[in-house]
Engineer: 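Sharing a structure, written as structure tokens. Questions coming.
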Amino acid sequence: MPRNVIVGHDALLQIPGIIADLNINGPIMLLSGDTTMKTVGAKVQDLLQEQGFDLVTGIVGRITYDEIKRIETVVQKAHAVLIVAVGGGRVIDTAKVVSYNLDIQFISVPTAASHDGIASSRASVVTEAGNVSVAAQPPLAIVADTGVIATAPHRLLAAGCADIIANYTAILDWELSHRLTGESISEYAVTLSKITAEILVKNANLIAHNDETAVWIVVKALFSSGIAMSIAGSSRPASGGEHKFAHMLERLAPGVALHGEACGIGTILGMYLHGGDWKSISQSLKQIGAPTTPSDLGISDEVCVQAVLRAREIRPERFTIFDTGITREAALAAVKALYEV
Ligand SMILES: NC(=O)C1=CN([C@@H]2O[C@H](COP(=O)(O)OP(=O)(O)OC[C@H]3O[C@@H](n4cnc5c(N)ncnc54)[C@H](OP(=O)(O)O)[C@@H]3O)[C@@H](O)[C@H]2O)C=CC1
Ligand SMILES: O=C(CO)COP(=O)(O)O
Ligand SMILES: [Zn+2]
């Protein structure tokens, strides 16, 4: 669990103080993304350098095992003793794995409320066989500056909400697997994951505004969902069939959707296949401003059908509704239903 969680306006200003309290003895590695390095990354760099910290910077690319190895080498060459990760989910996940492998601490500084990996002890790594969920280091501290995050495009905030709404089907899938395959389940993780999604949906009208209140609500939900994953010791409470669909969609149509956007569509499909209230999932996503159909993403229905049919190829050991022998006709019907709301 993170030791320090700071969420609020101008939270970035507290980073030097947090690091000073650690009494570290050695350089700090600041990791960021291509875009975020030029804005928030540069701001954090200035703040730390003004306080005299010895700083090395690095840009993180696509999160693959090769990229993780590359960053590990950079961190080792710099003799860095702490990582400060400033960026979206990709940057934070990379820092989590690198710090775990090198046994050093890291601080999570999300620049967008776009994913629930802000606090979790898991990371999602892209491999040839699809995304794998690996054990990683939870952050020592989380610094979420609501002022900064509110300036990110609304698309990112909506994607974060969709990543939380995915908890509904992630839990249904986990319970299904518990009943059918005897997979062990954690009542605490299930309850926290469900409540997180419910609170978020209850506040959907506030989130549509994209102001600091909205960011505050979403960041708290992302944090809470990450803790559910840490309790479970796996991403199960927040990642079921809808995530397998999303990871397959990313493979079939790379870069067309943000992670959370693909998960949101996967959640409607998963809920439809479970026979649950998929229309209300779709309505909540629409209210928040997240995409709900393939055409919203600018892809064909057929790609979406293929992602439904091939979702079971991702992490086959994780049993979900997408692993129950879905026919092409059923997949077509599910994708068609996306346009009904
Ligand atoms: N470990 C876990 O439990 C979880 C992990 N994930 C993982 O997280 C990733 C998804 O996270 P997501 O954040 O959507 O993806 P990215 O980290 O790829 O970020 C998406 C885009 O948003 C940009 N961005 C970030 N912040 C800002 C900002 N303030 N202003 C403008 N642009 C910004 C990034 O720029 P830049 O070029 O700087 O990167 C990037 O281009 C996936 O890899 C997913 O698997 C998701 C959920 C849970
Ligand atoms: O994205 C996640 C939860 O939102 C977890 O990632 P995985 O699907 O890779 O386990
Ligand atoms: Zn996710």
Side-chain angles (χ1 to χ4, degrees), residues 12 31-43 59-64 67 85-97 100 108-127 130-139 144-167 169-170 173 193 196-197 215 221-223 225-230 232 234-248 250 254-255 257-264 266-267 290 311 314-315 318 320:
L12 285 189
L31 292 178
S32 200
D34 250 343
T35 319
T36 42
M37 188 54 144
K38 296 181 193 115
T39 53
V40 198
K43 194 166 172 191
I59 303 281
V60 174
R62 197 159 171 258
I63 176 166
T64 60
E67 179 65 353
V86 182
R90 207 168 27 81
V91 171
I92 290 172
D93 267 8
T94 305
K96 256 186 220 174
V97 184
Y100 181 81
S108 170
V109 186
T111 55
S114 50
H115 61 96
D116 60 6
I118 290 174
S120 75
S121 57
R122 309 294 304 179
S124 190
V125 179
V126 180
T127 72
N131 279 60
V132 291
S133 176
V134 299
Q137 173 127 279
D145 190 319
T146 48
V148 164
I149 297 174
T151 63
H154 180 72
R155 185 182 172 197
L156 290 165
L157 188 77
C161 294
D163 206 18
I164 296 290
I165 289 173
N167 292 9
T169 44
D173 283 330
S193 169
T196 303
V215 169
L222 296 170
F223 175 74
S225 190
I227 296 303
M229 287 190 258
S230 291
S234 94
S235 59
R236 239 325 182 173
S239 171
E242 74 301 316
H243 270 67
K244 289 167 57 130
F245 163 86
H247 295 316
M248 180 49 79
E250 172 61 21
L258 288 167
H259 168 80
E261 292 177 333
C263 292
T267 306
I314 304 286
R315 209 173 294 155
R318 184 165 289 188
T320 72

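Counting starts at 1 for both ligands and their atoms, in listed order. In what follows, residues are counted from 1 in the order of the sequence shown. These numbers come from a predicted model, not from an experiment.
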Engineer: Can you tell which of Ile92, Val91, Val148, Val109 makes a side-chain contact (heavy atoms from CB on, under 4.5 Å) with Val86?
Structural biologist: Val109
Engineer: Between Thr196 and Asn167, is the side-chain hydrogen bond (donor to acceptor under 3.5 Å, both in side chains) condition met? List the steps.
Structural biologist: CA-CA 8 Å; Thr196 303; Asn167 292 9; 5.2 Å; no
Engineer: Given Ser133 and Arg318, is the side-chain hydrogen bond (donor to acceptor under 3.5 Å, both in side chains) satisfied, shown in steps?
Structural biologist: CA-CA 11 Å; Ser133 176; Arg318 184 165 289 188; 5.1 Å; no
Engineer: Holding to salt bridge (Lys or Arg N to Asp or Glu O under 4.0 Å), I want the full list of residues that pass it with Arg236, two or more places apart in sequence or in another chain.
Structural biologist: Glu183
Engineer: Could you confirm whether His243 has any N/O/S atom lying under 2.8 Å from the Zn ion (ligand 3)?
Structural biologist: yes
Engineer: Under a strict 4.0 Å criterion on non-hydrogen atoms, which protein residues are in contact with ligand 1?
Structural biologist: Gly33, Asp34, Thr35, Thr36, Gly88, Gly89, Arg90, Asp93, Lys96, Thr111, Ala112, Ser114, His115, Asp116, Gly117, Ser120, Arg122, Ala123, Ser124, Ala152, Pro153, Leu156, Asp163, Met229, Leu258, His259
Engineer: Indicate yes or no: at least one non-hydrogen side-chain atom of Ser239 is less than 4.5 angstrom from one of Arg122.
Structural biologist: no
Engineer: Nearest 10°: the angle subtended at the Zn ion (ligand 3) by Asp163 OD1 and His259 NE2?
Structural biologist: 100°
Engineer: Can you run down the salt bridge (charged side-chain N to carboxylate O under 4.0 Å, His left out) pairs that involve residues 85-95, sequence neighbours left out, and say none if there aren't any?
Structural biologist: Asp93-Lys96
Engineer: Tell me the residues surrounding ligand 2, counting only those with a heavy atom closer than 4.0 angstrom, sorted by chain and number.
Structural biologist: Asp116, Ser124, Ser133, Asp163, Met229, Ser235, Ala238, Ser239, His243, His247, His259, Arg315
Engineer: Hey, could you give me the CZ/CG distance between Arg155 and Leu258, rounded to the nearest 0.5 Å?
Structural biologist: 4.0 Å
Engineer: Going from OG1 on Thr127 to CD1 on Ile314, what distance comes out if it is rounded to the nearest 0.5 angstrom?
Structural biologist: 8.0 Å
Engineer: Atom CG of Leu222 and atom CD1 of Ile227: how far apart are they, to the nearest 0.5 Å?
Structural biologist: 11.5 Å
Engineer: Taking all non-hydrogen atoms of both residues, which atom of His247 and which atom of Ser124 are closest, and how far apart?
Structural biologist: CE1-OG, 3.8 Å
